[in-house]
There are 2 protein chains.
Amino acid sequence: MAALQKSIDKRNALINATIELVNNDGFHATPMSKIAKMACVSPATIYLYFENKQDLVNKTYIEVKANYTAYAFATYYETMPVEEGFKVIWHRIAEFKLKESADAMFLAQCDNTPMIDEASRQEGIKHLQPLLDLWARGKKEGIIKPLSDYMLYAYAINPLSFLMIAQNRGSVKLDKEQLEQAYEAAWSSIKTCK
Amino acid sequence: MAALQKSIDKRNALINATIELVNNDGFHATPMSKIAKMACVSPATIYLYFENKQDLVNKTYIEVKANYTAYAFATYYETMPVEEGFKVIWHRIAEFKLKESADAMFLAQCDNTPMIDEASRQEGIKHLQPLLDLWARGKKEGIIKPLSDYMLYAYAINPLSFLMIAQNRGSVKLDKEQLEQAYEAAWSSIKTCK
DNA sequence: TTACAGAAAATGAACGTTCATTCTTTTTTA
DNA sequence: TAAAAAAGAATGAACGTTCATTTTCTGTAA
């Protein structure tokens, strides 16, 4: 009558190996055997933790996305004024993308390829709700342009992904000043008043 | 002593099949056999036109990128005022992404994955020069914020890719009005004066 | 105008390799 | 000690590429 438990360390090692290898080679170019080797585990062991390769990458996506949004909203409170709230969230997102760049690269790759199930994609979007709520408030107060959420995201948040990828390729080095410029551009594009 | 020529139609069919299949399934999930079938050609024939699978996708990328930039600058002249020039180029890019959405999706996927050689990527960037020149002019005239080219691209052009992907997934429908809003946001983020 | 030779182009089948997954056995631990 | 966890070897399918052969086409000679 045993009641062993699968090791959470092993699961984490598998998830981290997946992120690193998929970042370097892409999903279909990373064999399960390589993931296993990097996680110091037998290929067969992966199937104790995940149903199959697709499940492994879906679960990895959802987990990373959850970390991302938790980080983004960690210092934000709904009682903040709209402009301050946006500033706080924006800078947390920027910090995440720069500090946890492997995670951020993985998400960027997932968001632009047919690598992830549509269901898992939906699951990942849910956690952005606080930002959408903030925007709704800003629009009601006349501080933020009356644009759709997709439009606001496209101009205020998504450019950070582009800049992060450029930085990771070595095309750009984002210092503090450039980051402030980026924030200015983001805010300029969504605030009302010219 | 014959002097046959390889059919340009066959080459085009191969390129188009590659775009469509890679868009749907990703690079490593599209077998050469499937590309061949869609192009109505034997798998072996691909190797008369391209060295190997990597070469096929690199060449496809460069060709699509060239079409994209040609389209973008087709109605632009260097004698235009900066603001008008930007407006013209921006709208042409938007038009390309909406009309030739398969091509645009393919480029977006290439730009965020390790699918393409670094050399081919460099090759593709070259053709953007007219836009960089326009920005240099705008900065000199004090019309455009003194930001790096990457920063300007991130805020003025790249959001269109995000919106196009969202539209292709069915999350958004970009009508004329929304497109004008998008242009406004783009211009707001890079013009001087508040 | 036709017939033919020869080379390029195209093909389908075959090859060797790699991969995701499973099977059988061993190890670990409550 | 018994069952879960882990392992390594095995399996069958699928892949990129090549090979041996056939088809297509053009320049030339009759």
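Treat the numbers as computed from the prediction; the structure is a model and nothing was measured. We use all heavy atoms of the structure for the numbers below, so side chains are in, but hydrogens, waters and symmetry mates are not. Reminder, nothing fancy here: chain letters follow the sequence lines and each chain counts from 1.
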Practice item. List in chain and number order the residues that pass side-chain contact (heavy atoms from CB on, under 4.5 Å) with A:Asn58, two or more places apart in sequence or in another chain; answer none if no residue qualifies. Key: A:Gln54, A:Ile116, A:Asp117, A:Ser120
Check your understanding: Does any donor atom in the side chain of B:Tyr61 or B:Asp111 lie under 3.5 Å from an acceptor atom in the other side chain?
Key -> yes
Review point. Which pairs count as salt bridge (charged side-chain N to carboxylate O under 4.0 Å, His left out) when at least one residue sits in residues 85-104 of chain B, sequence neighbours excluded?
Key: B:Glu95-B:Lys99
Find the distance [X]:[atom1] to [N]:[atom2] and express it as a whole number of Å.
X	N	atom1	atom2	result
A:Ile46	D:dA6	CD1	C1'	12 Å
A:Tyr49	C:dA20	OH	C1'	19 Å
A:Arg11	D:dA5	CZ	P	14 Å
A:Lys10	D:dA4	NZ	C1'	12 Å
A:Ile35	C:dT21	CD1	P	10 Å
A:Leu14	D:dA5	CG	C1'	13 Å
B:Leu48	C:dA8	CG	P	12 Å

Check your understanding: Rounded to the nearest 0.5 Å, how far apart are CE of B:Met105 and CD of B:Glu20?
Key -> 12.0 Å
Review point. Going by the angle between their ring planes, with limits at 30° and 60°, are B:Tyr183 and B:Trp187 parallel, tilted or perpendicular?
Key: parallel
Check your understanding: Nucleotide by nucleotide, 5' to 3', does protein get under 4.0 Å of the base (B), only the sugar-phosphate (S), or neither (-) in nucleotides 9-23 of chain D, counting heavy atoms?
Key -> ------SSBBB----
Review point. Are any non-hydrogen side-chain atoms of B:Leu131 and B:Trp135 less than 4.5 angstrom apart?
Key: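 Yes. Closest side-chain heavy atoms under 4.5 Å.
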